Amino acid sequence: MTSDLISTDVLIIGGGLAGERCAIEAAAAGQDVLILSLVPPRRSHSCAAQGGMQAALGNCVKAEGDNPTVHFLDTVRGSDWGADQEVARIFTEEAPVAVRELAHLGVPWTRVRGGKNSYVIKGERVEIEESAENDGLIMHRDFGGTAKWRACYAAAATGHAALYAVDSEVVRLGITVRDRTEAVELIHDGNRCWGAVARCLRTGRHFSVVAKATVIATGGYGRIYGQYTTNATINEGMGAVIALNTGVVPLGNMEAVQFHPTALAPSNILVTEGCRGDGAYLLDKDLHRFMVDAEPAKQELASRDVVSRHMKQRMRDGKGVDTPYGPHLWLDLRHLGEQHLTTKLREVWEICRDFVGLDPARDLIPVQPTQHYSMGGVRVNKDGQAYNMAGLFAAGEAACWDMHGFNRLGGNSLAETVVAGRIVGRRVAEFVATSSLDVPTSLAFSAKSTAEQRAAEWLGRSGSGPSVYDIRNAMGETMMGKVGIFRTGQELAEAVGEIENLLAECDRAVLRSKVPGMNPELTFALRLKGMLRLALVTAKGALLRTESRGAHYRSDYPLRNDAEWLNRTLVRWAVDTPEPTFSYEPVGEIDLPPGHRGYGSDERVEMRETLEQYNEGVYDRQAAHGRLATTEAPGSRLRRGAWKELV
Amino acid sequence: MRSKETGGARRLRFEIFRYNPEDPGSEPHMQAYEFDEAPYMSLFIALNQIRETQDPSLQFDFACRSAICGSCGMMVNGRPALGCRTLTSDLPDVVRLHPLPVFKLIGDLSVDTGTWFREMVEKSEAWIHAEEAFDPNAQEARMNDDLAQAIYEGERCIECGCCVASCGVANVNASFAGPAGLNRIARFMMDPRDSRSDADWFEVVSNSDGVFGCLGMMACHDVCPKELPLLEVYAYLRRKSLAAAFADRGD
C-alpha cells in the first residue's frame, strides 16, 4: 500500500534509456531519484531499437576520416535544416563518449575483425582489409543518410543490450523504480513543476509524488497512428500529453513524424535499417531495384523520409504487391547469406521466421513504410529544460531537444537517449542542488483530486455510447490515411475535422467494464483524450505548415521553403480552451547554411534574409517564446565554421 | 503445421484463466471465448480482439508485440510461450491460457515478472564489477569479436520468465536462481570487463540455489523463445565451479 504522498529529489517519468541514463547522473550526484515506468524498465521500447547507435569513432576502413563534424553535417542535412545546430553539435561530440561508456557498462558491441572482411556495398560484394591496428575496437555498419559507416551495433539487438547495461547500473546504484505506474498529471503552479500524480497499474489507485525536478522521458507518440506504427503499445505519448495539459508548456514540431521504410507487412513490426546498411535491396512487384533509378547516389541508403516517399509512390504507381491487407514491396536480403543473417542480423531473421514464416536467406520479405518516430515532443532548451516551466525537463524521443528537425537519421535516436540522458541528467542534478522542496501540499492534493475525478467521471457514465477502442481505431485510420507520408491541405483539413469529431465522441464514450483494480478499459480511456489532442495538434500543425521539409511532405507545397518556414512549430493548449494555439520560433543559430541534402529534391525556396540577419537576436526571440536560461550561454557549444574545412 | 497466411476458416475457442485479486467478488475460474481465426493471427491480436469486442476486463501484458520486450509470457496449452509470437495457425481449435506460475499474479494472464527479475539482478549483482571508473577521454578497451559474440549470445535473454515458469526447481524453491538467473551469471562470468574472481563466483553459483540446484530436466532449454543454449550454459557453470573448488584446495 502506497502512501498518498511521496517526496523525492528527482522524479523520472519513463524507464527507458533516456530516463534511466538521466537517473544515473542524478543518483551519482547523491540525489534521491524515483523512476516511474509503465512496464518493468527492461521492457521499455528502447529495447526494440535494433540496428545501431551513431557515434563517430571512425574505427573501420569505411569509417576512415569520420569525426563529430562529419556527423554534424549528416545530422543537420538529415534534419532538412530543421534541427537546432548547437544541439546537433553537442550531440555529435558527446556520442563517442556515450558509446564508450556503454562498453564500460557491459554492452557487447560488435568489434572490428582485423584482416579480410566481406561486405555488400551498393549491390556489389567487396573484400576490404581491416587493419590489425584497429582489431577489437568497436565496429560500425552503414546506415541511411550518412557519409561514413558510423552506427555502432550489437547484432540487431543494440537497444536491448544498451538498455540492459544501463538498467543494471540503475540497480547497482539502488535507484527506486516503480514499474506498472503511470504519471497522469503534472503538479505545477503555472511556472514551476513540483512532480506528478501517478496511477498504479496494479491497483488503479492514485498517489502524488512531489519532487524538486521532474523529467519526462516517456518516448514517442506513435500509437496515435493506431496500428500503423512500429512502436510498442506503450508509446501513447502520455508524457507529451501531461506537458500539453499544463496549458503553458509548448510541444515542438509535432507534425514532424517519421515513417520507417521497412516495417514488416502486415503486422508493422520493425525490420531494421541495418538490413539496407548491410546491403539489402528494395524491390517492387517486378523484382526491380527501383531505388537505384530514384536515388543514384545513395540508392537504398537515402534518408528515411526520402526512401519512404519513393516506396509509397512506387505502390501508387501500381508496382506494389497486392494483398488483402493492401500493397507492399519486397526487402531482399538473400544475397547477404545465411551466416550473416543469423549473426549480424539475427533478430531480423527471427522476426521473419516467427511472424511471417519466411527465411530471409531464401525468401523475399514483405515490407511497407509505417509510422516509426516522433521528432516532435516537449520543447526544451539545450539543458533539457522545458519552455515556460521551471523544474520540468524532458529527454529522448519524448523531447524536442531538437537535433532531428524534420527527419531523424537512423541510429541517431538510440544515441540521443544516452547522450541526452548524460547531459540533461547533469543539468537536473545541478538544478536540484540549489532547490528546496517548498511546495504547498495542497497543490499536490488538488492535482491528485483532478486525476481521481477524471477516473470517477469515466466510471460514472452510463447508457450507450461509442467504445473507446472504436474511437482509437478511427483516429489511427485518419492519421495514417490523411496525416501520412504524402499530405495535402484538403486531406489535412478533413483530418482536423475528423479528430475534432472524435474528441466530441470521446466525451460521449462509455466503459463496458467497471471492474475494480486497474481495469484495462479505464486505463486506456484515461489516455484517449490526450492522444486525440496530440493527434489534433499534429494534424493541425501539418495543415498550417505550407511547405515540405524532411518527413513533412505536402504534395500541394512540394518545396522546402527557407524564406518562410525555416522555423520550429510550437503549440500550446491553454487550459479550458477549445483550440490549441500555434507559434513559430527560429530553429536556432544557423551555422551550416541551408542547402541541398545530397539526396532527395534539390529544388527549394531560398532564404530571403542573410544568415547574419537570421541569427541576429535569435536567442532573444527564442526566449520570447518561452525558452528558459541555460547554464552555459546559448551558442557557446556551436563551433562556428568548423564544417568549412570539410565542404 | 498450417500455413500462417491461411486462417479464417476455423472457429477458435479460447479458455482463459480469470482472477482479479483487486475485486473481492472475483474467484479463480476458467472463462471461454469464441471467435473466427484470421490470417497471421497471433495471441496478441486474438487477446486484444477478445478484450475490445467481448470482455473489456480481461488483463494481459503486451508491449513490443515483436518478441523483443519479454512482456507476454503465458502458459499456452500448458507450455510457457510468448503470446505475441505464438500464431493461432500453430494451435489446435481449443486453446487454454493460464498465467505463468512462480511469479506473483497481478490479474488474469498478467504476472509480476519485473519484481522477480530485479531481485535476481540484485542477488547475483548482475552488473559489470569494473576495476576502474569510466574514463571519458580514453579509447574503448579492445575486445576480440569472437568473445563479444559469445557474450552477446548470453545477453540475448529477454527476461520473459518462460524458462522460470517451466523449471521444476524454480516452482518449488523460491531462492533458486532459475535458468534466466544462471544464464545471466554465466554472461558476466565470461566477460573480462567484470573483475570478479572464480572464488567470488563460487559463492554465488556453486550451491543448491545456483547451478547445483538444477535437476537437469531442461524444460527451460526447450521453451526459451530466444533459443538460448542453456544446456551449454550450465555445463560452463559446473566446469567453472569445479575449477574454482580445486583452486581453493590450493593444489
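The shown structure was predicted, so the numbers you read here are calculated from the model rather than taken from an experiment. Just so it is clear: chains get the letters A, B, ... in the order the sequence lines come, proteins before strands, and each one is counted from 1.
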Expected contact set for residues 180-188 of chain B against chain A at heavy-atom separation under 4.5 Å reads B:Arg184, B:Arg187
Do the ring centers of B:Phe62 and B:Phe44 come within less than 6.0 Å of each other?
yes
Turns out that what part of B:Arg193 lies under 4.5 Å from chain A's heavy atoms comes down to side chain
message = If we count only N and O atoms by modelled type, under 3.5 Å, do the side chains of B:Gln149 and B:Asp145 hold a donor and an acceptor together?
response = yes
| message | For A:Arg422, is there an ion pair with A:Glu101 - N to carboxylate O distance below 4.0 angstrom? | response | yes
Bottom line for B:Leu58: the part with an atom under 4.5 Å from chain A's heavy atoms is backbone
Whatever's closer than 4.5 Å to a heavy atom in chain A on B:Ser71 counts as both
When the 4.5 angstrom heavy-atom criterion is applied to B:Ala150 and chain A, the contacting part is neither
Is there a side-chain contact between A:His372 and A:Leu270 in this structure, where contact means two heavy atoms from C-beta onward sitting under 4.5 Å apart? yes
Turns out that what part of B:Glu125 lies under 4.5 Å from chain A's heavy atoms comes down to neither
Whatever's closer than 4.5 Å to a heavy atom in chain A on B:Cys160 counts as backbone
Against chain A, residues from residues 16-30 of chain B with at least one heavy atom under 4.5 Å, in numeric order, are B:Asn20, B:Glu22, B:Asp23
Exercise for the section: Using only heavy-atom distances, determine whether the side chains of B:Ser110 and B:Asp61 contain a donor-acceptor pair under 3.5 Å. Expected result: yes
